[in-house]
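A note on names: the letters A, B, ... follow the listed sequences, proteins ahead of strands, and every chain is numbered from 1.
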2 protein chains.
Amino acid sequence: MSHFGSGTEYGLHCLILLAQAPGAIISSRDLAELQGVSVYFLAKIFPRLEKAGIVTASEGIRGGYTLARPADEITVLDVVEAIEGRKPLFECQEIRGRCAVFGGQPPAWATAGVCGIHAVMIRAERILHDELARTTLSGLADGVGRKAPPGFETDVQAWLADRFESRAQAQIAAVKKPRPRRQNET
Amino acid sequence: MSHFGSGTEYGLHCLILLAQAPGAIISSRDLAELQGVSVYFLAKIFPRLEKAGIVTASEGIRGGYTLARPADEITVLDVVEAIEGRKPLFECQEIRGRCAVFGGQPPAWATAGVCGIHAVMIRAERILHDELARTTLSGLADGVGRKAPPGFETDVQAWLADRFESRAQAQIAAVKKPRPRRQNET
DNA sequence: TATAACACAGAGTATATTGCTCTGCGTTAT
DNA sequence: ATAACGCAGAGCAATATACTCTGTGTTATA
Ligand code: FES
Ligand code: FES
């Protein structure tokens with residue numbers, strides 16, 4: 001297994017989609033089905049992104065998620081920490097104080113400050129975090145956009161708009177009122 | 001829980017002890033009891049260090065472990081990878097190819113090369129590894145030695161030497177007084 | 001040569017996490 | 001009123017963590 005779970009991959013891909021459609025409201029179901037991942041699983045990770053202030057949720061029919069701030073103000077680190085939680089790289093259990101030569105009463109110098117091993121880990125963790133914070137969602141979205149042919153992004157938007165409309169039409173079918181509607185596309 | 005398990009903390013502390021006594025053969029039991037950690041647990045992680053070529057084992061009574069290489073040629077990364085295994089930071093499941101607009105047949109451009117998200121993770125992982133490879137066991141041992149008062153290291157060596165000798169004398173002692181463990185009791 | 005301490009392989013255990021499934025509730029637009 | 005939504009939380013199989021314990025084979029020494 002890897003250190004980051006698959007939720008991080010799903011989440012980041014979803015957020016790139018949201019970044020490519022600024023202002024659009026997309027439901028977690030549509031995002032899941034567009035990408036072929038579990039609807040239920042994605043529905044579990046989005047509340048974490050909301051609590052972290054990365055996306056905002058709108059409830060009710062036609063509800064869904066939007067980025068809570070501009071895509072260039074959301075870093076990969078923000079997303080990883082929101083989804084994985086703030087797991088430290090290393091958790092010191094202060095075994096240095098348990099050394100048998102101290103006989104249960106470690107002297108002050110032995111437990112003062114941070115253990116050398118722990119210090120290395122703290123430094124490594126900060127460097128890792130700095131690197132992850134260097135890339136933003138807009139940076140990622142640009143990379144994807146540069147790679148795909150020009151028609152692709154509009155295809156995706158069309159797929160999502162289709163989904164969005166089919167929800168409106170379900171209402172029309174049920175209530176038997178004319179006039180479908182299309183809005184957004186900021 | 002943290003990304004690195006407690007085995008890494010135990011292992012690194014043990015290896016520092018071995019680095020401070022170059023050439024000495026120390027058993028995993030002595031290392032465990034000196035530091036107040038589980039003898040059994042430590043006995044499970046040392047074979048991994050041996051397979052990674054960090055430490056060499058000698059069997060039989062008076063057996064134990066020694067560093068296989070000079071302490072300044074063993075990096076923290078070597079130890080972490082030996083104990084934790086080579087877990088990648090991130091495991092890409094290529095969900096980009098599952099996009100619904102491709103209809104099960106992703107075009108070549110979509111799956112060519114490495115996904116942008118994956119690329120960020122690979123870069124971060126390499127930076128983390130570089131940082132962990134920057135510190136060696138001798139660097140860690142120096143840090144500990146600088147912090148401890150002059151008498152401490154010799155105290156530890158004395159404790160270990162005592163243990164080592166008591167094994168030779170256990171033969172004599174076994175005749176004089178009954179050993180608690182093991183109820184053969186002939 | 002008997003024996004005790006060792007390395008090492010492996011099974012066993014309790015607990016936690018992962019990835020995913022499913023149910024139920026309150027909210028909201030039509 | 002209804003259907004789709006967010007969201008909280010239970011459940012679940014598979015895996016991982018941190019140990020614990022047993023058994024086998026090796027080696028130095030009395
Ligand atoms: S005591 Fe925890 S890393 Fe040294
Ligand atoms: S497809 Fe795996 S990270 Fe993008």
Side-chain angles (χ1 to χ4, degrees), chain A residues 1-10 25-32 37-51 55-66 83-85 87 91 93 163-164 166-181 183, chain B residues 1-10 25-32 37-51 55-66 83-85 87 91 93 163-176 179 181-182 184 186:
Chain A
M1 238 205 5
S2 49
H3 286 126
F4 295 161
S6 52
T8 298
E9 181 172 6
Y10 302 169
I25 290 175
I26 311 181
S27 73
S28 62
R29 160 167 282 113
D30 285 356
L31 285 170
V37 304
S38 160
V39 175
Y40 294 125
F41 187 56
L42 210 55
K44 283 212 92 149
I45 79 166
F46 261 99
R48 297 188 210 173
L49 292 171
E50 207 224 338
K51 284 183 186 65
V55 297
T56 54
S58 23
E59 291 202 332
I61 186 172
R62 296 226 175 177
Y65 294 98
T66 323
I83 294 175
E84 304 280 333
K87 284 196 251 184
E91 208 150 7
Q93 298 177 240
R163 276 302 185 105
F164 196 80
S166 73
R167 291 212 279 281
Q169 272 156 20
Q171 292 298 311
I172 295 155
V175 189
K176 308 235 158 41
K177 239 191 234 172
R179 184 68 201 103
R181 214 169 138 239
Q183 52 191 64
Chain B
M1 243 204 3
S2 49
H3 286 125
F4 294 160
S6 52
T8 298
E9 180 171 5
Y10 301 169
I25 290 175
I26 312 182
S27 74
S28 62
R29 158 167 283 114
D30 285 357
L31 252 6
V37 304
S38 160
V39 175
Y40 295 124
F41 187 55
L42 211 55
K44 282 214 93 147
I45 79 166
F46 260 100
R48 296 187 210 174
L49 293 171
E50 206 224 339
K51 282 181 188 65
V55 102
T56 54
S58 25
E59 291 202 332
I61 185 172
R62 296 227 175 177
Y65 295 97
T66 323
I83 294 175
E84 304 280 332
K87 284 197 250 185
E91 207 151 6
Q93 299 176 238
R163 276 301 183 106
F164 193 79
E165 290 218 9
S166 75
R167 292 213 276 281
Q169 274 149 25
Q171 296 295 317
I172 306 160
V175 185
K176 290 180 188 167
R179 299 286 285 177
R181 214 71 180 140
R182 209 98 166 131
N184 292 22
T186 48

Take atom [atom1] of [X] and atom [atom2] of [N], then tell me their distance rounded to the nearest Å.
X: A/I25; N: C/dT28; atom1: CD1; atom2: C1'; result: 12 Å
X: B/F41; N: C/dT13; atom1: CZ; atom2: C1'; result: 14 Å
X: A/I61; N: D/dA4; atom1: CD1; atom2: C1'; result: 5 Å
X: A/E9; N: C/dT18; atom1: CD; atom2: P; result: 16 Å
X: A/I83; N: C/dG19; atom1: CD1; atom2: P; result: 11 Å
X: B/R62; N: D/dA28; atom1: CZ; atom2: C1'; result: 8 Å
X: B/E59; N: D/dT26; atom1: CD; atom2: P; result: 8 Å
X: A/I45; N: D/dA8; atom1: CD1; atom2: P; result: 14 Å

- Take the angle between the ring planes of A/H3 and B/H3 and call it parallel below 30°, perpendicular above 60°, tilted in between.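 Perpendicular, since the angle between the ring planes exceeds 60°.
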- Query: Taking the inter-plane angle between the rings of B/Y65 and B/F46 on a 0 to 90° scale, is it parallel (under 30°), tilted (30 to 60°) or perpendicular (over 60°)?
  - Reply: parallel
- Item | Residue mapping more 5' on DNA chain D - nearest nucleotide basis, A/E50 or A/K44 | A/E50
Phosphate contact ([N] OP1 or OP2) by [X] side-chain N/O below 4.0 Å:
X: A/R29; N: D/dC5; result: yes
X: A/S38; N: C/dG19; result: no
X: A/Y40; N: C/dT23; result: no
X: B/S58; N: D/dA28; result: no
X: A/K87; N: C/dT18; result: yes

- 5'-most contact on DNA chain C: A/G7 or B/K51, nearest heavy atom basis? B/K51
- Taking for each residue the nucleotide of DNA chain C with the nearest heavy atom, is it B/Q93 or B/Y65 whose nucleotide lies nearer the 5' end?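 It is B/Y65, whose closest nucleotide lies nearer the 5' terminus.
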- Message: Which residue in the set A/L31, A/I83, A/L42 passes side chain to side chain contact (heavy atoms under 4.5 Å, CB included) when paired with A/Y10?
- Response: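 Result: among A/L31, A/I83, A/L42, A/L42 is the only option passing the side chain to side chain contact (heavy atoms under 4.5 Å, CB included) with A/Y10.
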- Nearest to side-chain heavy atoms of A/S27, which nucleotide of D/dA8, D/dG6, D/dC19: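 Nearest to the side-chain atoms of A/S27, counting from C-beta on, is D/dG6.
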- Taking the side chain of A/S28 as its heavy atoms from C-beta onward, which of D/dG6, C/dG12, C/dA7 lies nearest to it?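 From the listed options, D/dG6 comes nearest.
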- Message: Within the 4.0 Å heavy-atom criterion, would you say B/F4 contacts the bases, only the backbone, or no part of the nucleic acid?
- Response: nothing
- Would you classify A/F46 as touching base, sugar-phosphate or nothing, given that sugar-phosphate means primed atoms plus P, OP1 and OP2, and contacts are heavy atoms under 4.0 Å?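 Counting heavy atoms under 4.0 Å across all strands, no contact is made by A/F46.
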- Task: State whether the side chain of A/E91 and the backbone N or O of B/S6 hold a donor-acceptor pair below 3.5 Å, judged by distance alone.
- Result: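 Side chain of A/E91 to backbone of B/S6, a donor-acceptor pair under 3.5 Å: no, none is there.
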- Query: Do B/E84 and B/T8 have side-chain heavy atoms sitting under 4.5 Å apart?
  - Reply: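 Answer yes - side chains close enough.
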